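Scroll down for the structure; my scribbles are underneath it.
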Number of protein chains: 2
Amino acid sequence: MASLLLRGGKVPLRCSIGPDDPAMNLRDLRYLLAVAEHRHFGKAAESCRVSQPTLSVQLRKLEEELGIVLFERNSKQVVPTPICELLLSHARVAVAEIDAMAALARSAMDPLRGTLRLGIIPTLGPYLLPLVLAPLQEALPDLEIEPWEDVTATLLERLRGHELDAALIATEPDGTDLVTRPLFTEPFLAALPPDHPLAAQKRIGEDDLAPDVLVLADGHCLRDQALAACGLAGPLGGSLRAASLATLINMVAAGYGTTLIPGLAAGAAQDSGIVLRPLRQKASRTVRIAWRAAFPRRAAVEAVARVIAERLAPYAAAAERDDAALDRARGQGHLARHA
Amino acid sequence: MASLLLRGGKVPLRCSIGPDDPAMNLRDLRYLLAVAEHRHFGKAAESCRVSQPTLSVQLRKLEEELGIVLFERNSKQVVPTPICELLLSHARVAVAEIDAMAALARSAMDPLRGTLRLGIIPTLGPYLLPLVLAPLQEALPDLEIEPWEDVTATLLERLRGHELDAALIATEPDGTDLVTRPLFTEPFLAALPPDHPLAAQKRIGEDDLAPDVLVLADGHCLRDQALAACGLAGPLGGSLRAASLATLINMVAAGYGTTLIPGLAAGAAQDSGIVLRPLRQKASRTVRIAWRAAFPRRAAVEAVARVIAERLAPYAAAAERDDAALDRARGQGHLARHA
DNA sequence: CACAATGATTGGCAATGCCTATCGTGATCT
DNA sequence: AGATCACGATAGGCATTGCCAATCATTGTG
């Protein structure tokens, strides 16, 4: 008990608890099982890759810790006591569980393995996911992407609450707990009914859309971005508030007004028979991937980010080309590009 | 790797196995569970009775061992990763099993607790057990006696095979692996049909029984002891071989012959209406308790032995008294006592 | 900006675990 | 019977581990 006073400070905490301190190292359990299996200290030691004295000593220690005799040693045989037999079944379960843990950990050790819960905003999901899921599957065969579609605020909430691992959004989140990486920039396009007066123009001025622009319901970032691009603080009195981009497009097709749609949705929009035109001031949004700064599988997020960015690169290049061609056709050269 | 060569002898064995050596101390699992439960290193450390740095370091070590991140540390919260959640359920089971082991061991630590498998020979069991089971139950309330009745050879075999913990026998077993302790000495009595010529004598000479002595079947030690007492090497031609002492007594009662019965069976014998007489040369057998020399619960065996010996002491004293009274009645004094 | 809270780091020390070498005791073989 | 073998126990030495106190670094708060 003199050791209690060896240190200057407080009495070590662990001395304040009861006398029962079953250290019960896991290693000892393996030794126990080995001896029970082989009924021979030497063979058991060999199977545990330790020397026989080590196993002898550790087993004796275990017996002293437990306060019971585990094996009856005899010059010709080593037999587990009945109590030991009872303990063995528990030990087997415990060791199996721990082996299962190790196996699980080993299989999960690769950050590019497992499930990645990926949030995505609704104005992006239906158009981006079909493009990138197959390449992701190919590039990261062991990574299962679990998409979750919701508006930005909800995604960020779930991200912060560890219900998502990453999210594809089109805004910069507040706070330092989340970090982002831009993936690609998506131009907005003017969407017009075929018989709209502006439909005759090759290129539409953002402000010209303001009078009859239709926007999404609250919560969609696209709503705010579209309004901002048109120079509006809020929707005009009679503006409709569509619940989804598909609805919005159908509204436009039906002649209720105009709108801005993100470039990736162009295909779907054109199918509905509306007219799409580039914007004069090249309003756009940047899609980013966001994750918690502390998220341990950063490598998985970055791999996903890389695949998406690569997959989207041709689209971005094509957009540039089309844009440039359009510019040249109008004889405006590069000046407008950087307005 | 230089450490491989530090020692003179062989390369340490444990270096020859694979690189995966998940030490995975049980302590670490408790730390893991504590942090997962409290979601706070300080509180978890307190609940584990260790300092916070210790827990921090050990947990980091565990993470490195497993190759995965177990918790996402954040300035305001500590959240288990999804992989960790999977591991936790396994860890909980493992720790519970080990706690169960410790509890089992603790409850079994008292050698006077649990089950004692006690063999007993058939010529003793039916007469001794009713006398001693109640006192044993009272003296050793936590010890459950599990009696097993069989002939000596079988008992010893089962004892050596760890199927019995101790045995009550009336011979000295061979070999050094078993040890015995004498409990009491039981006189033999002559058992005669009431109309037998010898029935008139107060005391019977052992040799006089030889002509028509009946004995038990092979394997019963009483058979050999009875024959020896009567000076016979084997049974006479017409001798019956009864399967049990009760049968033997009934044989005698029916007039088929005489026999020797052990003192404790006197009560049962008298009920069947036969005549019992003390023997002139005081043939007797000593009942012993036998157990494996290496049996760890020697204390339990000795406690049982003590209780039985004490319980039998009055009988032995009474036998001595009766004997002495008989001697005095015959005017032989003490001389015959030590013949 | 000082302060409190919290997890990470550091340095030193005792305990643990392992090894080799040796011993003690039965069993086995000339 | 004496030598030898098999096997578990013990002893001494050494590297590793685990723990603690003290301190640092970061972040949120009055």
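Quick caveat: nothing in here was measured; it's all calculated off a predicted structure. Lettering of chains follows the sequences in order, A, B, ..., and the numbering in each one begins at 1.
- For B:Arg160, the side-chain hydrogen bond (donor to acceptor under 3.5 Å, both in side chains) partners two or more places apart in sequence, or in a different chain, are B:Asp177.
- A:Arg73 has its CZ atom 16 Å from the P atom of D:dC7, to the nearest Å.
- In this structure, B:Glu64 atom CD and D:dG18 atom P are separated by 12 Å, rounded to whole Å.
- Listed pair A:Arg60 / D:dT10 meets the phosphate criterion, a side-chain N or O lying under 4.0 Å from OP1 or OP2.
- Here C:dA8 is the nucleotide among C:dA8, D:dA9, D:dT10 with the atom lying nearest to any side-chain atom of B:Phe41.
- Straight-line distance from the CD atom of B:Gln52 to the P atom of C:dT6: 10 Å, rounded to whole Å.
- The side chain of A:Pro53 lies closest to C:dA21 when the candidates are D:dC19, C:dT9, C:dA21.
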Name every donor-acceptor pair, under 3.5 Å, that has one atom in a side chain of residues 36-43 of chain A and the other anywhere in the protein, sequence neighbours excluded.
unit_1: A:His38; atom_1: ND1; unit_2: A:Ala34; atom_2: O; d: 3.0
unit_1: A:His40; atom_1: ND1; unit_2: A:Gly42; atom_2: N; d: 3.1
unit_1: A:His40; atom_1: ND1; unit_2: A:Lys43; atom_2: N; d: 2.9

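- Spacing between atom NE2 of B:His40 and atom P of C:dT6 amounts to 4 Å, rounded to whole angstrom units.
- The CZ atom of B:Arg39 sits 22 Å away from the P atom of C:dA5 (whole-angstrom rounding).
- Using a 4.0 Å heavy-atom cutoff across all strands shown, A:Gln58 reaches sugar-phosphate atoms only and no base atom.
- Whole-Å rounding puts the B:Lys43 NZ to C:dA5 C1' distance at 10 Å.
- Summary of the strand contacts: B:Thr54 and A:Thr54 both lie near DNA chain C, and taking for each the nucleotide with the nearest heavy atom, the more 5' one is attributed to B:Thr54.
- For C:dC19, the OP1/OP2 oxygens have a side-chain nitrogen or oxygen of A:Ser51 closer than 4.0 Å.
- Legend: residues meeting side-chain hydrogen bond (donor to acceptor under 3.5 Å, both in side chains) with B:Glu302, ordered by chain and number and at least two apart, are B:Arg298.
- With values rounded to the nearest 0.5 angstrom, A:Arg288 atom CZ is found 12.0 Å from A:Leu168 atom CG.
- Computed from coordinates, the A:Leu55 CG to C:dC18 P distance equals 9 Å when rounded to whole Å.
- Among the heavy atoms of the strands lying under 4.0 Å from B:Tyr31 are primed sugar atoms or P, OP1, OP2 only; no base atom is included.
- Under the side chain to side chain contact (heavy atoms under 4.5 Å, CB included) criterion, B:Pro296 pairs with A:Val69, A:Glu72, A:Thr81, not counting sequence neighbours.
- The side chain of B:Arg27 lies closest to D:dC19, out of D:dC19, C:dG17, D:dC20.
- Close to C:dG17, at under 4.0 Å from its OP1 or OP2, lies a side-chain N or O of A:Asn25.
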Kindly list each side-chain donor-acceptor pair under 3.5 angstrom involving residues 88-100 of chain B, sequence neighbours excluded, with atom names and distances?
unit_1: B:Ser89; atom_1: OG; unit_2: B:Leu86; atom_2: O; d: 2.8
unit_1: B:His90; atom_1: ND1; unit_2: A:Glu97; atom_2: OE1; d: 2.6
unit_1: B:Glu97; atom_1: OE1; unit_2: A:His90; atom_2: ND1; d: 2.7
unit_1: B:Asp99; atom_1: OD1; unit_2: B:Arg30; atom_2: NH1; d: 3.4
unit_1: B:Asp99; atom_1: OD1; unit_2: B:Arg30; atom_2: NH2; d: 2.8

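- D:dT16 atom P lies 15 Å from atom NZ of B:Lys61, rounded to whole Å.
- Salt-bridge formation is detected for the pair A:Lys61/A:Asp28: a Lys NZ or Arg NE/NH1/NH2 atom is positioned less than 4.0 Å from an Asp or Glu carboxylate oxygen.
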Quick one: what's the B/S/- string for nucleotides 24-30 of chain D, heavy-atom cutoff under 4.0 Å, read 5' to 3'?
---SS--
